[in-house]
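Note: hydrogens, waters and symmetry copies are ignored here, and every other heavy atom, side chains too, is used. All residue numbers refer to positions in the sequence shown, counting from 1.
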Amino acid sequence: MTAYILYAISFLIHIIIWWYRFKPITLPGVPHWPNGHFLWGDLLRLRKILQNNGSFTDFLDLSASTLGPICQIRLGPLAHMVIITDYMEMESLLLRRHQSLDRSSQTTGLFKTILPRALLTLKTGQVWRHRRRAMGSAMTPRFLALTMPNITGSAQDLVRLWKKKNDLSRGRSWQTEKDLESATMDAICGMAFDKSWDVVPSYIDQLERINTHTDGGTVEIGDRDEMMFRLEAPDLAKSTWYIFKAVPVQSPFPAFTHFFTRLKPSYLYHVKRIDDFLSGKLYEARKCILTTSHEVGLEVADNALDLLVAKGMQEGDEAMSDDGIKQELLQYLLAGTETSSTTLAWWCKFMTNNPSIQTKLRGHLLERLPENSDMNMNFDDLSPASVPYLEAVVHETLRMARTAGGFLRDTKEDMMILGHHILKGTTLAFPTSIGCEECSPVDHKRPKLPSTESRHTTDHDQKRRVGYWDYGTGNIFDPERWLTEDGRFNPTAGPSLPFSLGQRRCFGKNLALLELRVFIAQLNLSFFFAPIPADQNRFDRLDNVISHPKDCFIRPIPWARRDASC
């Protein structure tokens, strides 16, 4: 009998330990949703939003707008985060208290599955700083200006592709996110290796070899009366996309899930293809650089690979390893392709629904760009000072698209945030677009914030760097909000953090902005985005690694044919 009692006590102890270990965490005093499930926390509330065509980004917005500028969500026993939406506090944490924060383990753990030793997944430290310095030269204005023709050429290829599709579509729309992803991949490959993979030109060749009939094959009509183009990408592009899509975003155990993915022959095949390509390009670059000095190599390098190899020769024993270079190049492809193409997809949707903005942007570009540019703008032609309205459109697209719905940081020590004690190891969530209901303090309609607003940390003695959006305008696409009264671009017009702040901000910010400027300018000068049917014009989101539009139908027509087609 005694043995049975001891077994029962031991069993109960294990149950109690399991319960305290895996029950949803709740930080005392921090606002949270009431009536959360005893085990799943707020997951059931999130599931209901997803079932109604909402997204995780929508859930973050709803939580913040309902619970206040600091709140917590409990996503079952394995995920818990505190959402911060007070801009001054966000700025304080990211700029002045960043030593107490680091990139979240949720983020690094997810991307380590395909980039285990890349800048994106490294914790802040000596190795991370060395990698950041090594890659820094690829983000300088000088290097971006030198490699900008790769972006321009890829954007012009996309224009050619859409003109061909327009000829075949007979007035119908088509899904375009794959076109944009292919074009940005071509641009980034050119900047990384000095030679594009020619994904978009391969599509053009395929379309030029077919007849205009639509009874199947490469071109057909879909269920929503849209044109469908079934085009094959080159092998290297397909392998890269396969690897990117292997990131186990939906898994609560990404490392465990990806372990089984790595056992699949198809995954090993695609990984080997990309690794062989990168190894070959690295060998060629080293062979070429050995014929000169690293000083000359650094001066003439016109692609990221040559730049890294030349810097490696300069650093000697401290140089990045071959594996490190390949990791950074693969990250370069991921960061420069996926996020930019998705932001451009949102831009296409915004333009389709804002014909007056399309017209104004085109007039602005025609007026400001040099007459002899012939669509080949240079780096200075597209600067914020030269084309401020273009820059306003770019930043308004980033604000509204919210391609990265938010970014996560882990606290490295106990902290006081908006008057609340936040424990070491807590995940903080910072939405990229805030202030949708924030307006000037003199506006009598400004909503009263919860009492935590009056208990800011001492850092709030700092003067506010950014302005406010007009009350109730946060969900309106309005580039004018970024312009001063005399028409200059104002980057601090209001709160928007598409690239985060501080030392762990998006490393590719300058590259991303340049891609968006070039593609938007080229596409706007070439096409008017005509209206599309209502069932193709929804703005539902699909949160994967980033926040995609569920549908991205477009009907671009040359400006000369606008009146006849609308």
Just jot down the salt bridge (charged side-chain N to carboxylate O under 4.0 Å, His left out) partners of [X], sequence neighbours excluded, or say none.
X	value
E181	K178
K165	D179
D102	R504
E413	none

Results of ring-ring contact (aromatic ring centres under 6.0 Å, His included) for W346 - residues two or more places apart only: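 Listed in chain order: nothing, the list is empty.
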Partner residues of H548 under the ring-ring contact (aromatic ring centres under 6.0 Å, His included) criterion, sequence neighbours left out: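 Residues passing ring-ring contact (aromatic ring centres under 6.0 Å, His included) with H548: none at all.
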Would [X] and [Y] count as having a side-chain donor-acceptor pair, cut-off 3.5 Å?
X	Y	result
Q175	D551	yes
S55	D58	yes
S547	R402	no
T339	T403	no
E396	W482	yes
T184	D186	no

Within 6.0 Å of CG in N35, more than 12 heavy atoms from elsewhere: no
Please check: side-chain N/O of [X] versus main-chain N/O of [Y], any donor-acceptor pairing under 3.5 Å?
X	Y	answer
S526	L523	no
W174	M228	no
Q536	F553	no
S341	E338	yes
T352	F529	no
D543	T57	yes

Under the side chain to side chain contact (heavy atoms under 4.5 Å, CB included) test, residues paired with [X] that sit two or more places apart:
X	value
A155	V518, F519, Q522
H98	Q503
D380	N378
T107	R103, S104, F111, L408

CA sep, side-chain torsions, deciding dist, call: L516, L344, side-chain contact (heavy atoms from CB on, under 4.5 Å): CA-CA 7 Å; L516 294 176; L344 287 169; 3.8 Å; yes
Partner set under side-chain hydrogen bond (donor to acceptor under 3.5 Å, both in side chains) for R362, not counting sequence neighbours: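 R362: no side-chain hydrogen bond (donor to acceptor under 3.5 Å, both in side chains) contacts found.
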Residue pair L95 / G502: nearest heavy atoms and the distance that separates them: CD2-N, 3.6 Å
Whether F407 and F430 hold their rings parallel, tilted or perpendicular, with breakpoints at 30° and 60°: parallel
Pair E226 + R555: basic N to acidic O under 4.0 Å: no
Name of the residue among L398, L361, V387 meeting side-chain contact (heavy atoms from CB on, under 4.5 Å) with V393: L361
L365 vs Y389, side-chain contact (heavy atoms from CB on, under 4.5 Å): CA-CA, chis, key distance, verdict: CA-CA 8 Å; L365 293 172; Y389 191 70; over 6 Å; no
Going by atom type alone, with no hydrogens or angles, which donor-acceptor pairs under 3.5 Å involve a side-chain atom of residues 506-515 and a protein atom two or more places apart or on another chain?
| residue | atom | partner | partner atom | Å |
| --- | --- | --- | --- | --- |
| N510 | ND2 | M139 | O | 3.2 |
| E515 | OE1 | S340 | OG | 2.8 |

